[in-house]
Protein chains: 2
Amino acid sequence: MKNIPRKTVDRALIYIRTLDHLIKEKRYLVSSKDLALITGISDVQIRKDISNFGKVGTPRIGYKTAELNKTLKDFVLQENVVHVALFGVGHLGTAMLRYPGFNEDNIKLVAAFEKDKSKIGKKINGVRVYPVEMAPKIIKRTHADLGIVAVPASHSQEVADIMVLSGLKGIVNFAPASISVPKSVLVKDIDFTIELLSLFCNSQR
Amino acid sequence: MKNIPRKTVDRALIYIRTLDHLIKEKRYLVSSKDLALITGISDVQIRKDISNFGKVGTPRIGYKTAELNKTLKDFVLQENVVHVALFGVGHLGTAMLRYPGFNEDNIKLVAAFEKDKSKIGKKINGVRVYPVEMAPKIIKRTHADLGIVAVPASHSQEVADIMVLSGLKGIVNFAPASISVPKSVLVKDIDFTIELLSLFCNSQR
DNA sequence: GTCTAATCGTGAAATTTAGAACGATTGAGA
DNA sequence: TCTCAATCGTTCTAAATTTCACGATTAGAC
């Protein structure tokens, strides 16, 4: 992957998701204008994004859904299956374990970690729950790439430390608190409160 | 609120969250450098963001936590309590209903809507579950501002249509599919698959 | 075969956002 | 009182991202 802008990569994932859906509906062709209508992203933006990955469209016609999908996937996903470890098996953690979307996509939850002894040892949706102390060992054994923080904010930093120590390269942090990690580890914060308040603020102007 | 950059508003919410925490710890003063260490945002960025809201810091000293917090809140939140309606009471929806963070913050879940009759009429964590058809009426009665889509992708558009019809001004969409709404309605998409894949792609370079 | 309308792809302009540099201010200590 | 070091706030610069304008291409109609 060369110098593809970060935001283009993120949008490519949206295009892939959309194309997967169109292909399932037996749709063979799609134009940047069609994609714009579906995704809400402008057609120019879409064409420019796609042009990063080569000339794959046909003027007057548009893009072949299957071909475009393959091109995008080859660039951004490269047939990888992403192995993910979950920390925290509360309500949110359990919802992640039961999330139906992961199976179809390139994501596999490989292990869950939890403090509460009553949950340890169980299997939820095929994923075993381990004590947090076993994380480094299990994460190495399962080749997990990424981690999810679904513990209370009061424990998010200590969990993050374990994740870094275990060699995870990226973290989705649902705890409503910032976590400190080396800059080689990427963090995506998803604070439900902030997401809602941000929407509200931006809708007020 | 004047011409404050969108990203500055989003970061202000992070500062507020951080300051809330510091104040709870009886911390009286904080510098931009301190905040940078905690949040991972650069100190320059933080000072520049804050300067949008007035001169509230003291050179050589930093910011008074309580004062800065109040200034930020006055600008971006204005003491509002945001009323939110939830659509879909599956695993994720239930996790949202039980999410502990909302109570402390300016967010109140006012109603939940669900198709499955076995769930309708129940109260979860104090929030009543209604049939989807009642949404327009209940949303008006409860003065809901925002909505959360926590239904399967196959029904996300029809739920979004109801939300728009009901007058909601912003939507957090957890369904892994784009939804079409008038541009007066803001949408924040949170697709767990895409969040993870994005992290993975970006960690690979 | 030619024309045409639709669509792609791209280079340049405009906008947004982040970063760097630096002067201004302030409290503390000699 | 004077100096100094820390920190704020602001202006300018640079980078990233989006938007615009337009040429290039192509399938299909005639």
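Reminder, nothing fancy here: chain letters follow the sequence lines and each chain counts from 1. Because the structure is a prediction, the values reported are computed rather than measured. Hydrogens, waters and symmetry mates are skipped; everything else that's a heavy atom, side chains included, is used.
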In whole angstrom, give the distance that lies between atom [atom1] of [X] and atom [atom2] of [N].
X	N	atom1	atom2	result
A:Asp43	C:dT7	CG	C1'	10 Å
A:Leu68	C:dC8	CG	C1'	12 Å
B:Arg47	C:dC22	CZ	C1'	11 Å
B:Asn52	C:dA18	CG	P	12 Å

Under 3.5 Å, N/O pairs linking protein and nucleotides 27-30 of chain C:
{"unit_1": "C:dG27", "atom_1": "N2", "unit_2": "B:Arg60", "atom_2": "NH1", "d": "2.5"}
{"unit_1": "C:dG27", "atom_1": "N3", "unit_2": "B:Arg60", "atom_2": "NH1", "d": "3.4"}

- Task: Among residues two or more places apart or on two chains, list those pairs meeting side chain to side chain donor-acceptor pair (under 3.5 Å) that have a residue in residues 161-170 of chain A.
- Result: A:Gln157-A:Asp161
- Rounded to 10°, the angle between the first-five-pair and last-five-pair axes of the helix from C:dG1-D:dC30 to C:dA30-D:dT1 is 0°
Between [X] and [N], does any side-chain N or O lie under 4.0 Å from OP1 or OP2?
X	N	value
B:Ser32	D:dC8	yes
A:Lys55	C:dT10	yes
A:Tyr63	C:dG9	yes

- Note on the structure: Looking only at C:dT7, D:dT10, D:dT7, the nucleotide nearest the B:Ser31 side chain is D:dT7
- Listed nucleotide nearest any side-chain atom of A:Ser51, set C:dT7, D:dG9, C:dT10: C:dT10
- Message: Counting only heavy atoms not in A:His83 (residues, nucleotides, ligands), do more than 12 fall under 6.0 Å from its NE2?
- Response: yes
- Do NZ/NE/NH1/NH2 and the carboxylate oxygens of A:Asp20 and A:Lys24 come within less than 4.0 Å? no
- Under a 4.0 Å N-O cut-off, is there an ion pair linking B:Arg6 with B:Asp10? yes
- Could you tell me whether the side chain of A:Asn80 and the main chain of A:Val82 form a donor-acceptor pair under 3.5 Å? no
- Item | B:Leu165 versus B:Lys140, closest heavy-atom pair with distance | O-NZ, 4.1 Å
- Can you name the nearest heavy-atom pair linking B:Ala36 to B:Ile46, along with the distance? N-CD1, 3.5 Å
- Message: Between A:Asn69 and A:Thr65, do the side chains contain a donor N or O and an acceptor N or O under 3.5 Å apart?
- Response: no
- Query: Would B:Thr39 and B:Arg11 count as having a side-chain donor-acceptor pair, cut-off 3.5 Å?
  - Reply: no
- Mind checking what makes salt bridge (Lys or Arg N to Asp or Glu O under 4.0 Å) contact with B:Lys188, not counting sequence neighbours? A:Glu195
- Got a sec, which residues hit ring pair (Phe, Tyr, Trp, His ring centres under 6.0 Å) with A:Phe192, two or more places apart in sequence or on another chain? A:Phe174, B:Tyr99, B:Phe174
Polar atom pairs between nucleotides 14-20 of chain D and protein, under 3.5 Å, N or O only, would you list them?
{"unit_1": "D:dT18", "atom_1": "OP1", "unit_2": "A:Arg11", "atom_2": "NH1", "d": "2.9"}
{"unit_1": "D:dT18", "atom_1": "OP2", "unit_2": "A:Arg11", "atom_2": "NH1", "d": "3.1"}
{"unit_1": "D:dT18", "atom_1": "OP2", "unit_2": "A:Arg11", "atom_2": "NH2", "d": "2.8"}
{"unit_1": "D:dT18", "atom_1": "O5'", "unit_2": "A:Gln45", "atom_2": "OE1", "d": "3.3"}
{"unit_1": "D:dT19", "atom_1": "O4", "unit_2": "A:Lys48", "atom_2": "NZ", "d": "2.7"}

